[in-house]
**Student:** 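Below: one structure in structure tokens.
Numbered from 1 within each chain, the chains take letters A, B, ... in sequence-line order. Just the heavy atoms: all of them, side chains too, but no hydrogens, waters or symmetry mates, feed the values below.
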Amino acid sequence: MPYDYKPLPYSAPPGLSGPEPRHRVVVVGAGPVGLAMALDLARLGIASVVLEDKSSVMVGSRAIVWSERSLQLFARLGIVDQVMARAVPWSIGRISHGDDEIFSFDMAGTTTGRFPPFANLQQYHIEDILIARALAEPLIDLRFRNRLTGVDQDGTGVELSVKTPDGPYKLSADYLLACDGARSLTRALMDLDFEGEFYEERFLVADIEMEADFPAERWFWFDPSFHSGQSAMLMPQADNVYRIDLQLGRLANAGEEARPERVIPRIQAVVGPDFDLEWVSIYTFQSRRLAEFVHGRVIFLGDAAHLVPPFSARGANGGLRDVENLGWKLAAVLEGRADERLLDSYNRERVQAADENLRDSARAASFISPAPGVERLFRDQVLTLARETAFAREWVNAGRLAVPCIYATGAPDDPRLPDEARPGAAAPEARIGNGWLLDQIGPGPTLLAINCTAPDGLQIPTLSVRADPALRARYLGDAERALYLIRPDLVVAARWVTAEPRAVSAAIRAMWEGRE
Amino acid sequence: MKLITDPNLPDHDGFFAELLAAHRGLSDAESQALNARLILILANHVGDRETLTEALDLARGR
């Protein structure tokens, strides 16, 4: 069934009839990033106003692939059951060259089994779930059809001009969080530009609805006979909707190619005649970002801060990593528990993550659409070798699926402990008792004491656990015991096999100061 | 320097002849493809990133 784009509620904001009290946080943009940001802040006790220009959720499926780490955030925001009830979980990818499958991979072993490595759900469904959750949250004031028209800041706050169907009004806030997407109005109003690369290659992205028994897998073709000389991708979404991605080449005319009489035959070549076309868009690859994500009291997140090609679950998922990185830091600054300099660490860490995403997506772009000549030569020969040799399969790059960035840090570490849980890395999930480790950490920082007791008097909650084999594998390795300091965003801040109280309290201080 | 630049290959004359023989009868495009595959195969066999960077530098005349 086609998605029903219902109008979103609008009522005249209080600012039209008189000055509003100063707000702590205004979020601009009610896409997945803006809504998740407001919900994460609400979870930490911080109220926000969310401004959104549009009057219904965005047309088209757009972001569809949600990573394990994003599902963990959805769990903290209280929506993961609704998401998983509709989403299509998957772990297998298949790569073909011509009409032959050259290999497949299964990422099921990379997770604990609580969530799949990836689950597909159309962005409009995610937005519906987030909007319902935000409208029910007393700390969120969600205002549709409120368009940002002006931004002005001094060292202490931000003044905003907003336009509504009933006229303009002003708002003031301690912080403005720009989550307003690739065509960010905030960015334009502040005269900020992206830096980075555009690629000339054009891609067609389409959603089709069909009754089919394609398995829940990601299928990618290099140079298939049904779309000769180009690449193609097919993925399932909820409600019998499928995503098709077709490379069109460098010379394709976007306006021409988006017309149904051009699109339908191309898709018929992939799946046959029985489908309904729901949505079509033409895009080009971009790997670009703002030089800085923090501009005084205006902070950029998601596509407003960085843009990557949509091939490897780095767009919306990257934006959600921004959200969880910023939420606890901004809450601590607003409540006077940390100095404003803590926000510099948001900039440092998320710029590092964005650069990893930009680098990996640029590499995938050059493999998927190699320049004529030597780039094409090597790409084609990797594909040829991949048919027969295992090593070359690893070199085939149809988009490296996103994993969380490991932030650079000089925090205390012990080399005897497993690499995957090192400082700067996302804390791995593990089953403990009848529940899950990460559910028991937060909302503040937590000391995780495994087979040991945490030092007294540190004013941080301690979770003491006995290591079973699963926890041992991810957190102890060959060590007998360990103490982990875990940040509120479930990133490992520091860890010890033998913890001196003074070293632990210094690491806690460094965490609140955002030191590298 | 991890890259070996001193003599290291027994029967180098024999290998050189075998390399040229492998290209015999190929078009330029086929020869280029063979060379590309050979580079990829050997790079994997070397298996050391630093050595490969040094090899690239040497090949580029730096």
Side-chain angles (χ1 to χ4, degrees), chain A residues 95-105 220-225 228-231 249 355-356 359-360 362-400 403 406 408 419 422, chain B:
Chain A
I95 310 266
S96 298
H97 183 206
D99 294 342
D100 306 324
E101 180 179 314
I102 50 176
F103 66 97
S104 63
F105 54 92
F220 196 100
W221 293 266
F222 291 98
D223 196 15
S225 62
S228 185
Q230 311 281 9
S231 67
D355 281 346
E356 279 188 20
R359 181 201 66 195
D360 286 0
R363 289 172 175 178
S366 88
F367 200 90
I368 291 167
S369 59
V374 77
E375 248 184 57
R376 173 106 205 178
L377 171 74
F378 274 103
R379 197 288 296 266
D380 287 348
Q381 296 317 310
V382 167
L383 288 170
T384 301
L385 283 171
R387 288 166 177 259
E388 289 168 16
T389 51
F391 89 85
R393 285 168 204 155
E394 290 202 342
W395 294 34
V396 173
N397 190 345
R400 301 279 178 236
V403 289
I406 297 172
D419 211 35
R422 67 185 182 272
Chain B
M1 191 84 173
K2 300 181 80 174
L3 182 72
I4 301 168
T5 52
D6 292 326
N8 189 46
L9 182 66
D11 185 29
H12 42 81
D13 288 347
F15 171 73
F16 196 72
E18 197 178 337
L19 178 64
L20 298 188
H23 283 273
R24 204 160 294 141
L26 300 186
S27 67
D28 277 357
E30 288 166 340
S31 264
Q32 283 208 37
L34 186 150
N35 281 339
R37 286 195 298 276
L38 190 60
I39 290 166
L40 297 168
I41 291 164
L42 294 176
N44 181 64
H45 185 84
V46 169
D48 186 283
R49 279 292 286 107
E50 259 180 79
T51 303
L52 293 172
T53 299
E54 288 170 12
L56 280 169
D57 286 346
L58 178 64
R60 292 175 66 185
R62 282 205 231 143

**Student:** Using a cut-off of 6.0 Å, state whether more than 12 heavy atoms not belonging to B/Leu42 lie near its atom CG.
**Tutor:** yes
**Student:** A/Val374 versus chain B, heavy atoms under 4.5 Å apart: side chain, backbone, both or neither?
**Tutor:** neither
**Student:** Pick one of side chain, backbone, both or neither for B/Leu34, based on which atoms fall under 4.5 Å of a heavy atom in chain A.
**Tutor:** neither
**Student:** More than 12 foreign heavy atoms under 6.0 Å from CZ of B/Phe16: is that the case here?
**Tutor:** no
**Student:** Near A/Glu101 CD, under 6.0 Å, is it more than 12 heavy atoms from other residues, nucleotides or ligands?
**Tutor:** yes
**Student:** Looking at every heavy atom in both B/Leu40 and A/Trp395, which two are closest together, and how far apart are they?
**Tutor:** CD2-CZ3, 2.9 Å
**Student:** Please determine whether the number of non-hydrogen atoms from other residues, nucleotides or ligands lying under 6.0 Å from atom CG of B/Asp28 exceeds 12.
**Tutor:** no
**Student:** From A/Gln381 CD over to B/Ile41 CD1, what is the distance, rounded to the nearest 0.5 angstrom?
**Tutor:** 9.5 Å
